[in-house]
Amino acid sequence: HVPRRLTAALAIIFLLPPLVLFIMWSSIGLRYSGIDAEEQMDNYLTYFPEWLKNINIIHAISLVCCIIAIILAARSFKKHLLSVRVLMLLTVLVAIFIILFDIYQIV
């Protein structure tokens, strides 16, 4: 049996990489407002090593991390502390938003 505080911490840890990837994508869009989608993707991929230059793989990793974060947050949502419950609700909402963003980018 894993304590619910640990699952809450793990949920946040698994949400951080997709959140960082989303912030990186958004910052490129804000920094270079006049570029098209292909140039934005090329600028985004320059941050990654050579073996990770496929945008679909990056989005798939983000999707997997978000799903794991949602599962872990759901497990720790039964905690009686209101602050942990609110934090887990926010974790799930952010993960769902990033999942929708990733699916939109893949399609």
Side-chain angles (χ1 to χ4, degrees):
H1 181 69
V2 179
R4 290 191 175 111
R5 285 186 182 173
L6 180 62
T7 57
L10 285 174
I12 293 172
I13 289 170
F14 273 99
L15 184 66
L16 287 178
L19 189 61
V20 168
L21 293 173
F22 176 74
I23 291 171
M24 286 171 48
W25 179 265
S26 298
S27 70
I28 291 171
L30 293 174
R31 198 172 348 148
Y32 307 111
S33 60
I35 63 174
D36 61 356
E38 187 174 321
E39 291 175 1
Q40 184 177 6
M41 187 175 9
D42 290 339
N43 286 336
Y44 181 67
L45 291 176
T46 60
Y47 291 110
F48 298 99
E50 192 63 37
W51 58 272
L52 195 60
K53 292 286 185 179
N54 188 346
I55 193 75
N56 291 332
I57 293 174
I58 294 169
H59 287 304
I61 292 170
S62 177
L63 283 170
V64 169
C65 287
C66 285
I67 291 170
I68 292 171
I70 289 172
I71 292 169
L72 291 170
R75 285 186 165 187
S76 63
F77 191 72
K78 296 173 186 166
K79 188 76 179 158
H80 294 295
L81 290 174
L82 181 62
S83 60
V84 173
R85 293 178 88 171
V86 170
L87 187 61
M88 290 304 100
L89 178 65
L90 289 174
T91 300
V92 169
L93 290 175
V94 169
I96 289 171
F97 174 76
I98 293 174
I99 285 172
L100 292 174
F101 170 76
D102 286 335
I103 290 172
Y104 175 76
Q105 291 297 318
I106 290 173
V107 175

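Heavy atoms only: backbone and side chains are in, while hydrogens, waters and symmetry mates are out.
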[atom1]/[X] to [atom2]/[Y] distance, rounded to the nearest 0.5 angstrom?
| X | Y | atom1 | atom2 | value |
| --- | --- | --- | --- | --- |
| Phe97 | Asp102 | CZ | CG | 10.0 Å |
| Met41 | Ile35 | CE | CD1 | 10.5 Å |
| Asp42 | Asp36 | CG | CG | 8.5 Å |
| Leu45 | Ile55 | CG | CD1 | 4.5 Å |

Shared hydrophobic cluster, [X] / [Y] (ILVMFWY, side-chain heavy atoms < 4.5 Å):
| X | Y | value |
| --- | --- | --- |
| Met24 | Leu19 | yes |
| Leu15 | Leu6 | no |
| Phe48 | Ile57 | yes |
| Ile61 | Tyr47 | yes |
| Ile71 | Leu100 | yes |

Quick check: closest heavy atoms across [X] and [Y], and the distance to 0.1 Å?
| X | Y | answer |
| --- | --- | --- |
| Arg75 | Thr7 | C-OG1, 4.4 Å |
| Ala11 | Thr91 | O-CG2, 4.2 Å |
| Ile58 | Tyr44 | CG2-OH, 3.8 Å |
| Phe14 | Cys65 | O-CB, 3.4 Å |

Exercise for review: State whether the number of non-hydrogen atoms from other residues, nucleotides or ligands found under 6.0 Å of Phe101 atom CZ is greater than 12.
Suggested key: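 Counting neighbours around CZ of Phe101, more than 12 heavy atoms of other residues, nucleotides or ligands fall under 6.0 Å, so yes.
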Exercise for review: Taking Gln40 for its side chain and Tyr32 for its backbone only, find out whether a donor-acceptor pair lies under 3.5 Å.
Suggested key: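 It does not hold such a pair.
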Practice item. Please examine the side chains of Ile103 and Leu63, heavy atoms only from C-beta on, and report whether any two atoms are closer than 4.5 Å. Key: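 The answer is yes, as the side chains (C-beta and beyond) meet within the 4.5 Å cut-off.
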**Study point:** Note, Phe22 side chain near Val94 side chain (heavy atom, < 4.5 Å)
**Key:**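 Phe22 does not reach Val94 side chain to side chain.
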